Amino acid sequence: MSEDLIQVRAEKAARLRALGVDPYGGRYDGIEPVAALLPKVPATGPGPEAALAGRIMRMRAHGKTTFLDVADRTGRLQVYARADQLGAAYEVVSLLDLGDIVGAQGVLQKTRTGEPTLFAKAVTILTKALRPPPEKFHGLADPEIRFRQRYVDLTVTEEARRYALARTKVVAGMRRILDAHGFVEVETPVLQPLYGGAAARPFTTHHNTLDMKLYLRIATELYLKRLLVGGLERVYEIGKDFRNEGIDKFHNPEFTMMECYQAYADYTDMMALVEEIVATLAREVTGGTTLERDGKKIDVTPPWPRLPFLQAVRDRTGLDLHAADVPRLREACRTLGIAFEPGMGAGALLDAIWSDRVEPHLIGPVFVTDYPVETTALARRHRKDPALVERFEAFLFGKELGNAFSELNDPADQRARLEEQARLLAAGDAEAHAMDEDFVRALEHGMPPAGGLGMGVDRLTMFLTGAPNIREVILFPLLRPEAGSPPPGAGG
RNA sequence: GCCCCCGUGGCGCAAGGGUAGCGCAGCGGAUUUUUAAUCCGUUGGCUGGGGGUUCGAGUCCCCCCGGGGGUACCA
């Protein structure tokens with residue numbers, strides 16, 4: 001049993017203590033990352049002295065010498081420990097296990113087989129691992145363990161580290177680009193008395209002292225626009241949204257969204273921003289502008305094509321649905337053999353047709369533009385056609401990456417559109433908007449015309465890294481509790 | 001939600017009605033330039049849980065738990 005394996009390691013920790021060595025040491029000075037050490041190893045002969053710290057991934061003991069492969073965040077380096085160099089301290093090396101965290105100091109030099117190596121003058125145990133690591137060659141194959149015990153996954157799965165580090169590049173790069181454009185980063189409430197800004201079902205929770213129902217936000221949009229009213233002019237937020245919906249390879253119930261709003265701009269400015277963000281980050285993460293997924297390659301070099309929504313629908317179905325009302329849209333669904341619910345409004349019906357007939361054919365990169373007004377309660381009407389809104393969605397590999405509008409700043413139009421949403425909500429459309437009186441009041445104070453954008457950070461990371469599943473780019477994806485874990489509510 | 005598949009020592013895998021095996025890791029021994037080190041020896045499993053069929057069940061059936069894929073839902 002694993003208890004035996006743990007016991008063996010615990011006994012080694014005890015033996016280290018008996019030698020006067022703390023198996024859970026503290027600060028270890030003077031180290032450099034492995035990636036910085038490797039160039040310092042001379043082709044022949046001894047190089048400079050150096051120190052490193054990391055986890056033992058492999059170990060080869062030869063009696064009075066031991067080779068340790070030590071890994072840090074940047075790579076792996078072999079450490080060579082000899083009894084005649086370390087003296088009595090070699091006893092410590094003999095008590096090391098795979099998975100232990102060690103520090104080593106010595107001379108950088110290649111071995112006779114050409115392997116860059118730290119010839120150790122000192123080896124220190126910094127942390128004794130009590131549990132054995134996964135199999136050293138095949139690693140972790142069980143996705144359940146990989147996601148539940150990400151701490152183990154990250155130590156042995158190269159891809160897991162690659163995704164995690166790519167994600168930080170994505171987030172940092174996004175901030176850098178937005179900051180350079182004069183946006184300021186803000187934080188808005190996660191707990192909201194009224195949710196909005198997207199069509200989705202929320203999570204609900206409760207505040208005890210105030211005894212009030214609260215929702216976890218499904219979007220940051222309505223608060224960020226209040227800040228435009230307040231005169232902050234260019235704002236963005238990168239944070240978690242929560243949507244109480246299904247889980248699949250592109251959806252996790254909590255996910256990270258970047259939303260930004262730029263006063264005096266419109267949706268065409270947001271297109272340029274999307275192009276810049278995606279192309280720049282593609283270069284930083286992949287080294288180029290070509291992305292590959294499911295055997296398909298796409299080039300994200302700007303500019304991306306623009307495809308009007310109704311034109312795309314017409315191209316795929318032969319139907320012109322411009323300004324179509326509910327009866328006509330229902331008829332179209334029947335003609336196309338697409339199922340619909342009685343409670344669905346024009347927006348939902350159009351979305352059904354779109355999702356069934358058009359979206360699967362989009363590879364991208366492409367901006368789908370100018371949606372029918374019913375699909376979107378928060379976007380400005382099209383300057384040339386009041387049946388449309390100035391909105392686009394960015395598609396990569398046929399999946400939505402981002403959504404943007406010229407923002408609606410006419411309080412009367414906004415009120416009417418939200419009232420229509422409230423009517424749909426009352427009629428049973430669980431994803432329709434609720435009326436938000438304070439938001440309308442804010443618009444009545446005057447919101448500058450603006451372009452706004454929302455972009456999925458998890459999805460962008462997937463597209464840039466080729467990750468097959470959103471769970472790969474979320475360090476701790478939602479899973480059911482494992483057997484034997486505390487029941488819900490424990491720990492309160 | 002529905003359909004299909006999977007769950008076997010710490011990890012990676014066999015065994016598909018007839019006594020549960022192998023590799024890695026572990027333990028003991030040899031080994032002062034190895035790198036999935038090697039060699040000799042060796043510990044460890046009520047086969048996710050429960051019920052059933054059978055003389056006999058990892059194996060067949062039912063229920064439950066967990067996971068994966070697909071599908072539905074999903075700005």
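The structure presented is a predicted model; accordingly, all values stated were derived computationally and were not measured. Lettering follows sequence order; numbering is per chain, from 1.
With a cut-off of 3.5 Å on both Watson-Crick or G-U wobble distances, the partner of G1(B) is given as U71(B). The partner of C27(B), taking Watson-Crick or G-U wobble pairs whose two distances both stay under 3.5 Å, is G41(B). Base-pair partner of A20(B): not found among the strands shown (Watson-Crick or G-U wobble, both distances under 3.5 Å). Partner assigned to A57(B) is none, using Watson-Crick or G-U wobble distances below 3.5 angstrom. Taking a pair to require two hydrogen-bonding distances under 3.5 Å in either a Watson-Crick or a G-U wobble arrangement, G7(B) pairs with C65(B).
For the pair R243(A) and C74(B), the criterion of a side-chain N or O lying under 4.0 Å from OP1 or OP2 is not met. Side-chain nitrogen and oxygen atoms of R480(A) include none within less than 4.0 Å of the OP1 or OP2 phosphate oxygen of C65(B). Distances shorter than 4.0 Å separate none of the side-chain N or O atoms of K136(A) from OP1 or OP2 on C24(B). OP1 or OP2 of G69(B) lies within a sub-4.0 Å distance of a side-chain N or O belonging to N469(A). Dashed line: the shortest gap from a side-chain N or O of R201(A) to OP1 or OP2 of C74(B) is not under 4.0 Å.
Across all strands shown, G454(A) has no heavy atoms under 4.0 Å from either base or sugar-phosphate atoms. Heavy atoms of T66(A) sit nowhere under 4.0 angstrom from any nucleic acid atom. Within the 4.0 angstrom heavy-atom criterion, base atoms lie near A377(A). Contact annotation for F405(A): base contact, defined as any heavy-atom pair under 4.0 Å involving a base atom. As judged by a 4.0 angstrom heavy-atom cut-off over every strand, R391(A) is placed among the base-contacting residues. Residue-level contact check: T376(A) touches the bases, meaning some heavy atom is under 4.0 Å from a base atom.
G56(B) sits 41 Å from U71(B) when the C1' atoms are compared, rounded to a whole Å. Between G17(B) and C61(B), the distance separating the two P atoms is 11 Å to the nearest Å. Nucleotides C6(B) and U47(B) place their C1' atoms 14 Å apart, quoted to the nearest Å. Nucleotides U8(B) and C46(B) have their P atoms positioned 13 Å apart, rounded to a whole Å. Spacing between G9(B) and G52(B) at atom P, rounded to whole Å, works out to 24 Å. Separating the P atom of U54(B) from that of C64(B) is a span of 23 Å, rounded to the nearest Å. When the P atom is used for both C65(B) and G50(B), the distance is 15 Å, rounded to whole Å. Taking atom P in both A25(B) and U38(B), the straight-line distance is 8 Å, to the nearest Å.
Across A25(B), C74(B), G12(B), the shortest atom-to-atom separation from the side chain of E135(A) is found for G12(B). Here A25(B) is the nucleotide among G26(B), A25(B), C13(B) with the atom lying nearest to any side-chain atom of P132(A). Closest contact between the side chain of P134(A) and the listed nucleotides U35(B), G1(B), C11(B) involves C11(B). For I145(A), the side-chain atoms get nearest to C11(B) when compared with the rest of A37(B), G66(B), C11(B).
Distance, R76(A) CZ to A36(B) P: 11 Å, rounded to whole Å. One can place CG of L5(A) at 10 Å from C1' of U43(B), the figure rounded to the nearest angstrom. Following rounding to the nearest Å, L98(A) (CG) and U35(B) (P) show an atom-to-atom distance of 16 Å. In this structure, F137(A) atom CZ and C24(B) atom P are separated by 12 Å, rounded to whole Å. Following rounding to the nearest Å, D294(A) (CG) and G69(B) (C1') show an atom-to-atom distance of 14 Å. Rounded to whole Å, the distance from CZ on R459(A) to P on C74(B) is 13 Å. The NZ-C1' distance, from K249(A) to U71(B), rounds to 12 Å in whole Å. The distance from atom CG of D97(A) to atom P of G10(B) is 17 Å, rounded to the nearest whole Å.
Both tests do not hold together for K399(A) against F463(A): distance to the six-membered ring centre under 6.0 Å, angle to the ring axis within 45°. For the pair R391(A) and Y371(A), the cation sits on the ring face: its NZ or CZ lies under 6.0 Å from the ring centre, inside 45° of the axis.
The backbone N or O of F255(A) sits nowhere less than 3.5 Å from a side-chain atom of R243(A) that would complete a donor-acceptor pair. In this structure, the side chain of K64(A) does not engage the main chain of Y90(A) through any donor-acceptor pair within 3.5 Å. One N or O on the side chain of D100(A) and one on the backbone of D97(A) form a donor-acceptor pair closer than 3.5 Å. D72(A) places a side-chain N or O within 3.5 Å of a backbone atom of V34(A) that can act as its donor or acceptor partner. Using a distance-only test at 3.5 Å, with no hydrogens or angles considered, a donor-acceptor pair links the side chain of R55(A) to the main chain of G99(A). With R357(A) contributing its side chain and L336(A) its backbone, the two residues share a donor-acceptor pair below 3.5 Å. Looking only at distances, no side-chain donor or acceptor of Y163(A) sits under 3.5 Å from a matching main-chain atom of M462(A).
Remark: the E237(A) side chain and the T220(A) side chain contain no N/O donor-acceptor pair separated by less than 3.5 Å. If you check the side chains of Q78(A) and R60(A), you find a donor sitting under 3.5 Å from an acceptor.
Contact of D142(A) with C11(B) (side chain to base): no donor-acceptor pair of N or O atoms is detected under 3.5 Å.
For residues 307-315 of chain A, proximity to RNA chain B is found at no residue, defined as any non-hydrogen atom under 4.0 angstrom from a strand atom.
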Could you list the protein-to-nucleotides 28-34 of chain B atom pairs, N/O on both sides, closer than 3.5 Å?
{"residue": "U31(B)", "atom": "N3", "partner": "G63(A)", "partner atom": "N", "Å": "3.2"}
{"residue": "U31(B)", "atom": "O4", "partner": "G63(A)", "partner atom": "N", "Å": "3.3"}
{"residue": "U32(B)", "atom": "O2", "partner": "R82(A)", "partner atom": "NE", "Å": "3.2"}
{"residue": "U32(B)", "atom": "O2", "partner": "R82(A)", "partner atom": "NH1", "Å": "3.2"}
{"residue": "U32(B)", "atom": "O2", "partner": "R82(A)", "partner atom": "NH2", "Å": "2.6"}
{"residue": "U32(B)", "atom": "N3", "partner": "D84(A)", "partner atom": "OD2", "Å": "3.3"}
{"residue": "U33(B)", "atom": "O2'", "partner": "R112(A)", "partner atom": "NE", "Å": "2.3"}
{"residue": "U33(B)", "atom": "O2'", "partner": "R112(A)", "partner atom": "NH2", "Å": "3.0"}
{"residue": "U34(B)", "atom": "OP1", "partner": "R112(A)", "partner atom": "NH2", "Å": "3.1"}
{"residue": "U34(B)", "atom": "OP2", "partner": "R112(A)", "partner atom": "NH2", "Å": "3.4"}
{"residue": "U34(B)", "atom": "O2'", "partner": "R60(A)", "partner atom": "NE", "Å": "3.3"}
{"residue": "U34(B)", "atom": "O2", "partner": "R60(A)", "partner atom": "NE", "Å": "2.7"}
{"residue": "U34(B)", "atom": "O2", "partner": "R60(A)", "partner atom": "NH2", "Å": "3.0"}
{"residue": "U34(B)", "atom": "O2", "partner": "Q78(A)", "partner atom": "OE1", "Å": "3.2"}
{"residue": "U34(B)", "atom": "N3", "partner": "Q78(A)", "partner atom": "OE1", "Å": "2.8"}
{"residue": "U34(B)", "atom": "N3", "partner": "Q78(A)", "partner atom": "NE2", "Å": "2.9"}
{"residue": "U34(B)", "atom": "O4", "partner": "Q78(A)", "partner atom": "NE2", "Å": "2.8"}
{"residue": "U34(B)", "atom": "O4", "partner": "T111(A)", "partner atom": "OG1", "Å": "2.8"}
{"residue": "U34(B)", "atom": "O4", "partner": "T113(A)", "partner atom": "OG1", "Å": "3.2"}

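A glycosidic torsion no more than 90° from 0 defines the syn conformation; G28(B) lies beyond that range and is anti. In this structure, G16(B) is classed as syn because its glycosidic torsion stays within 90° of zero.
Comparing L478(A) and K399(A) against RNA chain B, the residue whose closest nucleotide sits nearer the 5' end is L478(A).
In summary, the aromatic rings of F405(A) and Y267(A) are positioned with their centroids too far apart to meet the 6.0 Å limit.
Ion pair E158(A)/R161(A) flagged as a salt bridge, since at least one NZ, NE, NH1 or NH2 atom sits closer than 4.0 Å to an Asp/Glu carboxylate oxygen.
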